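For reference, the structure discussed in these notes is given below.
In what follows, residues are counted from 1 in the order of the sequence shown. The structure displayed is predicted, hence computed values, not measured ones. For the numbers below, each heavy atom of this structure counts, side chains included, while hydrogens, waters and symmetry mates do not.
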Amino acid sequence: MLYIGVDLGTSAVKLLLMDGSGRIHKVVSREYPLYFPHPAWSEQNPEDWFTASMDGMKELTSECDKSQVAGISFGGQMHGLVTLDQADEVIRPAILWNDGRSEKETDYLNQTIGKEKLSAYTANIAFTGFTAPKILWMKRNEPENFARICRIMLPKDYLAYRLSGSFCTDYSDASGMLLLDVAHKCWSEEMMELCGITRKQLPDLYESYEVVGNLKEELAKELGFSQDVKIIAGAGDNAAAAVGTGTVGEGCCNISLGTSGTIFISSESFKVDCNNALHSFDHADGHFHLMGCMLSAASCNKWWMEEILKTKEFSREQEGIVKLGENHVFYLPYLMGERSPHNDPRARACFIGMTMDTSREEMTQAVLEGVVYGLRDSLEVARSLGIRIDRTKICGGGAKSPLWKKMVANIMNVKVDVVENEEGPALGGAILAAVGCKEYPDVKTAADSIVKVTETIEPDGELTEKYEKQYSKFRQMYPALKAVFQNLGE
């Protein structure tokens, strides 16, 4: 049988066709626009997601036996607020994960309600990217739209709803809403009351590998699929990427160098750090994970290359970088503010240490290093909990760079395992679909069978020592500039 994984990203949807053995038959993608109507705002039209996904599925399956398509599942951008009215019409453009408009609402939740209460209710504290602060923003600033809300859902769940009619979400994605009691896997009554919403407005909860419904008859006909095609709940993009890299089970780690950057640590038991610097979420395998999330990772390099250097020759720009561990230029990667571990929407990107002889290569190197230093900040929080991380998988667009992978190995002092297929959330979605259709008994069995490591980058002792000194300098910079960042917008 064949399984479709849908990676609903920020700039494009990627669709992957996989058979039961894990062999990837085809991958296609479709881009859609991203809107910034005001500074720090980030929105998309959910209809664009559906149109692009349907168009992509037609191309994806154009050369296969469509009767063999058995299941469709998802890995989707997290935290976005999608609202539908009683007629199932989208009320307003979706407010995305990297939107920073809800700073006041986030401060209200963290300072007035209190971080301790939030952590007790949900195992997490409020971040501007999370869904609950967006709901409060809508309640305060768009009361007429707020009053029309019949359904609240996340981006990938809008696709599931359009495809199957099932109003659903999964535990991993719901964990990032600040509405879920993560430890007990149920909606938090306290958070619903705080946000002024009801249980009826929230979707039904499923494990990521559970079937939520069948493909609608009219869509099956349009796509040429069987009406028996199952829609499986899917997962948030990071949990799906973890499945796609085999990061399942106790103490496994995955680093994603995508638009955002994440460090994802899977666990069979519930854990939370005392400062809530890391997110404590449910995992797509039915267990739990800790996650640190940077708002800008590969997007930092994209910005530097395309907007500043005016080039798309990413590999060529890295060819002249040879003095690893010796750069006197540092870069703070906070283009969109920052989440983990600082939780500071006012943080800003900057270069530090430039002199008259600073070169183009050194500044490019600083951008790449700065992203990894930022991810290490979250790794250090995990290590403070007694979690030993000595190796990691890696995925995302940035993982295609040999130089960046070498930096990860040496800045973090971990072995970096490169997997055969770096399709991340799309592959994870396809694996979840296969599990949902009973091709495999559980997610771990499927991931262990399908995901293969093809290369391991070992840290170099001498280079790791150099980077240890560099990182100690980097970690002093944000605290020194925090007060400056707070005043920039005033």
Give the minimum heavy-atom separation between [X] and [Y], together with the two atoms involved.
{"X": "E103", "Y": "T128", "result": "CA-CG2, 3.8 Å"}
{"X": "A233", "Y": "F74", "result": "O-CD1, 3.7 Å"}
{"X": "G75", "Y": "A240", "result": "CA-CB, 3.6 Å"}
{"X": "L178", "Y": "I125", "result": "CD1-O, 3.5 Å"}
{"X": "C293", "Y": "T262", "result": "SG-CG2, 4.0 Å"}
{"X": "A430", "Y": "Y3", "result": "O-CB, 3.8 Å"}

Exercise. Can a donor-acceptor pair be found between the side chains of Q44 and Y32 at a distance below 3.5 Å?
Worked result: no
Problem set entry | Distance-only polar pair, side chains of N124 and T122, donor-acceptor under 3.5 Å | no
Residues [X], [Y]: salt bridge by 4.0 Å N-O rule:
{"X": "D285", "Y": "K444", "result": "no"}
{"X": "E47", "Y": "R162", "result": "yes"}
{"X": "K230", "Y": "E439", "result": "no"}

Exercise. Hey, mind stepping through L290 and S280 against side chain to side chain contact (heavy atoms under 4.5 Å, CB included) and telling me if it holds?
Worked result: CA-CA 5 Å; L290 291 171; S280 181; 4.1 Å; yes
Verify the neighbour count for atom [atom1] of [X]: are there more than 12 heavy atoms of other residues, nucleotides or ligands below 6.0 Å?
{"X": "K26", "atom1": "NZ", "result": "yes"}
{"X": "E218", "atom1": "CD", "result": "yes"}
{"X": "K302", "atom1": "NZ", "result": "no"}
{"X": "R199", "atom1": "CZ", "result": "yes"}

pair [X]-[Y]: side-chain heavy atoms closer than 4.5 Å:
{"X": "I149", "Y": "I197", "answer": "no"}
{"X": "L427", "Y": "I431", "answer": "yes"}
{"X": "C300", "Y": "L335", "answer": "yes"}
{"X": "I321", "Y": "L403", "answer": "yes"}
{"X": "P33", "Y": "D48", "answer": "yes"}
{"X": "Y158", "Y": "V90", "answer": "yes"}
{"X": "M57", "Y": "L163", "answer": "yes"}
{"X": "M177", "Y": "W187", "answer": "yes"}

Exercise. What residues, two or more places apart in sequence or in another chain, satisfy ring-ring contact (aromatic ring centres under 6.0 Å, His included) together with Y35?
Worked result: none
Is there a donor-acceptor contact under 3.5 Å from the side chain of [X] to the main chain of [Y]?
{"X": "Q77", "Y": "G9", "result": "yes"}
{"X": "K134", "Y": "F130", "result": "yes"}
{"X": "S102", "Y": "E105", "result": "no"}
{"X": "K310", "Y": "E307", "result": "yes"}
{"X": "S172", "Y": "G236", "result": "yes"}
{"X": "T245", "Y": "A242", "result": "yes"}
{"X": "K14", "Y": "A426", "result": "no"}
{"X": "T392", "Y": "C253", "result": "yes"}
{"X": "R360", "Y": "M363", "result": "no"}
{"X": "Q227", "Y": "E217", "result": "no"}

Problem set entry | Candidate list F314, F351, Y331, test ring-ring contact (aromatic ring centres under 6.0 Å, His included), partner W304, passing option | F351
For this session: May I have the step-by-step check of side chain to side chain contact (heavy atoms under 4.5 Å, CB included) for S256 and C395, ending in yes or no?
Result: CA-CA 5 Å; S256 175; C395 68; 3.9 Å; yes
For this session: Tell me, with the steps shown, if D99 and R101 meet salt bridge (charged side-chain N to carboxylate O under 4.0 Å, His left out).
Result: CA-CA 6 Å; D99 186 285; R101 77 184 72 185; 2.8 Å; yes
Problem set entry | Test side chain to side chain contact (heavy atoms under 4.5 Å, CB included) applied to L205 and T169, step by step | CA-CA 5 Å; L205 291 160; T169 191; 3.6 Å; yes
[atom1] of [X] to [atom2] of [Y]: how many Å apart, nearest 0.5 Å?
{"X": "H289", "Y": "F270", "atom1": "NE2", "atom2": "CZ", "answer": "12.0 Å"}
{"X": "I91", "Y": "I152", "atom1": "CD1", "atom2": "CD1", "answer": "8.5 Å"}
{"X": "I72", "Y": "I231", "atom1": "CD1", "atom2": "CD1", "answer": "4.0 Å"}
{"X": "I255", "Y": "T247", "atom1": "CD1", "atom2": "OG1", "answer": "10.0 Å"}
{"X": "S315", "Y": "E313", "atom1": "OG", "atom2": "CD", "answer": "8.0 Å"}
{"X": "K66", "Y": "C64", "atom1": "NZ", "atom2": "SG", "answer": "7.0 Å"}

Exercise. What residue among D170, D237, D7 forms salt bridge (charged side-chain N to carboxylate O under 4.0 Å, His left out) with K156?
Worked result: D170
Problem set entry | Derivation of the side chain to side chain contact (heavy atoms under 4.5 Å, CB included) call for I4 and F225 | CA-CA 12 Å; I4 295 175; F225 295 173; 4.0 Å; yes
Exercise. For the residue pair H79 and H279, does the interplanar ring angle fall in the parallel (under 30°), tilted (30 to 60°) or perpendicular (over 60°) class?
Worked result: perpendicular
Problem set entry | K185 to F288, cation-pi by 6.0 Å centre distance and 45° axis angle | yes
Seminar exercise, completed: Exactly one candidate in K415, M407, K405 meets side-chain contact (heavy atoms from CB on, under 4.5 Å) with I457; the answer is K405
